[in-house]
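Have a look at the structure below, then the notes.
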Amino acid sequence: MKTRRDFIKISTAGAGATALGFSALGAKGFSFFESDKQVPVSDEDLTPYPTYCEVCFWKCAGWTYVDKKGEIRKIIGNNDDPHCNGRLCPRGTGGVGMYYDEDRLKTPLIRETKADGTQYYRKASWDEALDLVAEKMDKLRKEHGPECLALFSHGSGGKMLTHLVKAFGTPNITAPSFAQCRGPREVAFTATFGEDVMSPERTDIRDTKCLVLIGSHIGENMHNGQIQEMSHAIENKATIITVDPRFSTAASHSKYWLPIKPATDIALLLAWIHVIINEELYDKDYIEKYAFGFDELKEHVKNNTPEWAYGITTIEPHIIRATAREMAAAAPSTLVHPGRHVTWYGDDTQRSRAIAIVNALLGSWGRRGGFYNPEKVHLPTFPHPPYPKPTRSWKDAYPDNKYNLVTEVLSTGICDATIPNADLNCHLRGWIVYGTNLMASLPDQRKTLEAISNLDFLVVIDTMPMDITGYADVVLPECTYLERYDFVRTSPHREPALALRMPAVQPKYDSKPNWWIAKNLASRLGLETYFKWDKIEDVIDWQLKQVGSSLEEMQRVGVKKFKREYDDLFWLEGLPDFEFNTNTGKIELYSTELANEEFDPIPKYTHHPEPEQGYYRLNYGRAPMHTFSRTSNNHNLWDLMDENSVWINPKVADLWEIKNNQYIWLKNQDGVVSSFPVKARVTERIRWDSVYMVHGFGHTNKKLTRAYGKGGSDSELVTKVVMDPIMGGTGMRGNFVTFILENPDKENKEDKA
Ligand SMILES: Nc1nc2c(c(=O)[nH]1)N[C@H]1C(S)=C(S)[C@@H](COP(=O)(O)OP(=O)(O)OC[C@H]3O[C@@H](n4cnc5c(=O)[nH]c(N)nc54)[C@H](O)[C@@H]3O)O[C@H]1N2
Ligand SMILES: Nc1nc2c(c(=O)[nH]1)N[C@H]1C(S)=C(S)[C@@H](COP(=O)(O)OP(=O)(O)OC[C@H]3O[C@@H](n4cnc5c(=O)[nH]c(N)nc54)[C@H](O)[C@@H]3O)O[C@H]1N2
Ligand code: SF4
Ligand SMILES: [Mo]
């Protein structure tokens, strides 16, 4: 197959769209079979089935084309879908590799112990495996109460398991997308505007005149709609300001690149606020009408001059002023992007608050080119008895009423509530893990392992033999998104839309869809009344009929758009007054909610530890052709990128005599050495005080025949976690690494050096 490795090459940057990876968004998809000597076929010989992509959480809707022999030939975007506008990213196009991956989980597996104590997985039938899981769940329910069960669930398929465990009686349902991802931003925006940012983000990038990216690396972060809208903004000559210690793809398209010293963003944000207020660049009318706490904010930032921030951030005062003025000149069509993965340094809610405040001062919330008002279709839930009321939750593990502002369950809180501790009222004893590779996604693997070792049982439902499956007592193989129905996608957007996912092919091997697994567990647990339907099609059809559609219609169109209920996309434009969902009914520049909880009501800059001599801050992020750890074994995407590298500044490389492409090992501040060697990439694009890696490589499960041992895992080096005291987010960028040039001779190490 033609390699597309070059599509983000900076040197080829012409028009913005090209180098942003936009050219990689396929309008037609590309056939993966051309290289496999299969005869190309025309679309007339193929049957399209609607789907929405599960390769990442943008959930683009598309069509899966199947030939007469039942082989999937290609996946393309659905033109009516607002998430993708007919174009999938390389990962979405390559999603078919998940279906064809010969390393897939093929049958249920049960952990057994031999007489000599060694353990192995035995292939089991579904009946055997589900009987065992139900038996363990029932025992836990009888002996300790249903609240002792936790569900980790990520991805659309998790909704059925969520329904099952709610019916079972536990409130402990969590995903890494809160405490390891966007939690701080949601808490901060809710504290400020009374509403959160949501997914897909309600950012009007399409219409913006000035886009400010603080660490958001759109371009490597391949969230489809955002890429398309940013390309559009660039074509319309929007000013792009990128704040990133690394010369990101977005930085290469920016009028201003601010290579900030890592961990100092709050100082920059306070200085911007200082300039915007002191030069009277803020939207006076908007602030007067809607905001609370302006005087306190003005007083608070009076000493946060650009000169003060320069000493902290290394960004020169004249640049801080110039960028603040650019933002104000474009306001209210200025968008300071709230980011998505924002759990960096432990004061992330405060950094997100500072971002929200800059947006408020510029009047961009609720205005064109800023933040829009998303709308979604509300599909009623299929009738079922009320869920039992749990009497305990994971939060009891924190007797001092911590985390009152948390809006979702903390994944790391579930770990805390599983590890016995004299001071904590712990009670979790069983975990079901659905669609999340906890070994890669939770920080501090030692803690995750400690929690796992205290469990009575661990059930993992996955499509692949990922790292987490190796710790399970029972492994249940799910079929991929291309082989199943799931609940209809109802995500919020400018126009409300529904998208259907239906099977294009039958499940391979002995894999089953999540709804079948949930329903068959329910019947073994006496919870049949919650699943009063035969197959998921019945549920979907019933739901669709409540909103004037049907399964039959959705099978034909894939995506159905609905009219907005009100013409209020930019709902604050011209409104004399508006009641925000905050304590004061105003946009809270000064947060009464944070004050009530005894947190700083206005963000402050705090200094974070810096690496010792010979150590560098471990920075990590995305690559356009992979999603987390889930795609590294996908042969289509592996072909585009088969390992990651560690970016090192040439000055540092010189000092260590590290050559480009040399394999090295990393050791962190706690003495943890990377399991596998990782290739050095010597580049000016990273500051001298940091190194950078793409997340998701360095897999430890040998059953992943392509991905095992390839590249380095940032996850295993993130052992230090700085907890966000406001909402329990896990700051993960306070880890420092040094280099080991010779094979440290650890077990399982391949000597590539
Ligand atoms: N060190 C570090 N940690 C991080 C991050 C980081 O960049 N660095 N990123 C953080 C962020 S932003 C997030 S959102 C999280 C993401 O965390 P996760 O969602 O845990 O991400 P993945 O590692 O891709 O794990 C997804 C798992 O789901 C499985 N899977 C895929 N499709 C299906 C399916 O259809 N059914 C089932 N049952 N399973 C399926 C995959 O095989 C894989 O095991 O990680 C967070 N943690
Ligand atoms: N291709 C692809 N796209 C994805 C994903 C994927 O797995 N693959 N995952 C999706 C998900 S769930 C998420 S949450 C998003 C995450 O994507 P984003 O929210 O865009 O990314 P972050 O991880 O917050 O930021 C990474 C960037 O922050 C910079 N950075 C590091 N430290 C600092 C600092 O101290 N200050 C500043 N200003 N910048 C810093 C890094 O150099 C890097 O460029 O990506 C999404 N899109
Ligand atoms: S952005 Fe790409 S991987 Fe994510 S859902 Fe869309 S097509 Fe799939
Ligand atoms: Mo995320």
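Read the numbers this way: they start at 1 and go in the same order the structure lists the ligands and their atoms. Keep in mind that this is a model prediction, so the values were computed, not measured.
Of the protein's heavy atoms, C60 SG, 2.3 Å lies nearest to atom 6 (Fe) of ligand 3. Ranking the protein heavy atoms by distance from atom 25 (O) of ligand 1 puts N437 N, 3.2 Å first. Here the heavy atom of the protein found nearest to atom 20 (O) of ligand 1 is T436 OG1, 2.7 Å. The shortest contact between atom 2 (Fe) of ligand 3 and any protein heavy atom is with C89 SG, 2.3 Å. Protein heavy atom in closest approach to atom 23 (O) of ligand 1: S629 OG, 2.4 Å. Among protein heavy atoms, atom 3 (N) of ligand 1 sits closest to A440 O, 3.5 Å. Of the protein's non-hydrogen atoms, F628 CZ, 3.5 Å is the one closest to atom 14 (S) of ligand 1. Closest to atom 19 (O) of ligand 1, if we only count protein heavy atoms, is H154 ND1, 2.5 Å. The protein heavy-atom contact nearest to atom 4 (Fe) of ligand 3 is C56 SG, 2.3 Å.
Checked by atom type and distance alone, the side chain of Q445 pairs as donor or acceptor with a backbone atom of M439 at under 3.5 Å. Of the possible polar contacts, one joining the N735 side chain to the M732 backbone as a donor-acceptor pair under 3.5 Å is found. Between the H626 side chain and the M641 main chain, a donor and an acceptor come within less than 3.5 Å of each other. Of the possible donor and acceptor atoms, none in the side chain of N437 sits under 3.5 Å from a partner among the backbone N and O of M466.
Ring pair H223/F57: centre-to-centre distance not below 6.0 Å. Taking the six-membered ring for Trp, Y345 and H608 have ring centres closer than 6.0 Å. Ring centroids of Y52 and H83 are separated by 6.0 Å or more, keeping the two rings apart. Checked against the 6.0 Å centroid threshold, H163 and F531 count as a close aromatic pair.
For ligand 1, the polar-atom distance check against G435 finds a nitrogen or oxygen pair separated by under 3.5 Å. In terms of polar-atom proximity, S177 is not counted as a contact of ligand 1, lacking any N or O under 3.5 Å from an N or O of the ligand.
Each of the atoms 1 (N), 2 (C), 6 (C), 8 (N) of ligand 1 lies under 4.0 Å from some heavy atom of D714. Annotation for ligand 3: atoms under 4.0 Å from non-hydrogen atoms of N224 are 1 (S). Those atoms of ligand 3 with a heavy atom of R91 less than 4.0 angstrom away are 1 (S), 2 (Fe), 3 (S), 4 (Fe). Heavy-atom contacts of M222 reach the following atoms of ligand 3: 1 (S) (cutoff under 4.0 Å). Atoms of ligand 1 found under 4.0 Å from any heavy atom of R484, numbered from 1 in the order shown, are 34 (C), 35 (O), 36 (N).
Note that R351 lies in the cation-pi zone of W344, set by a 6.0 Å cut-off to the ring centre and a 45° limit from the axis. Cation-pi geometry between K710 and F697 is not met: the NZ or CZ atom fails to fall both under 6.0 Å from the ring centre and inside 45° of the normal. For the pair K519 and W516, the cation-pi test (distance below 6.0 Å, angle within 45°) is failed. For the pair R733 and Y620, the cation-pi criterion (under 6.0 Å, within 45° of the ring axis) is fulfilled. Cation-pi check for R484 over W515 is not met; the charged atom does not lie both under 6.0 angstrom from the ring centroid and within 45 degrees of its normal.
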Exercise. Do R340 and S199 pass the side chain to side chain donor-acceptor pair (under 3.5 Å) test, and can you show the C-alpha distance, the side-chain angles, and the key distance before you say yes or no?
Worked result: CA-CA 9 Å; R340 186 171 177 114; S199 176; 3.1 Å; yes
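Here atom 38 (N) of ligand 1 lies nearest to E478 when heavy atoms of E478, H699, M98, M466 are compared. Compare M732, R622, Q180 by their heavy atoms: the one nearest to atom 9 (N) of ligand 1 is in R622. Relative to atom 4 (C) of ligand 1, the option among S411, P176, S441, G696 with the closest non-hydrogen atom is S441. Among H626, E483, R630, the residue whose heavy atom lies nearest to atom 26 (C) of ligand 1 is R630. For atom 44 (O) of ligand 1, the nearest non-hydrogen atom from the set T627, T480, D462 comes from D462.
Checking C53 against atom 8 (Fe) of ligand 3, an N/O/S atom falls under the 2.8 Å cut-off.
Looking at K59 against ligand 3, only its backbone comes within 4.0 Å, counting heavy atoms. The proximity of E54 to ligand 3, defined as any non-hydrogen pair under 4.0 Å, does not occur for either the backbone or the side chain.
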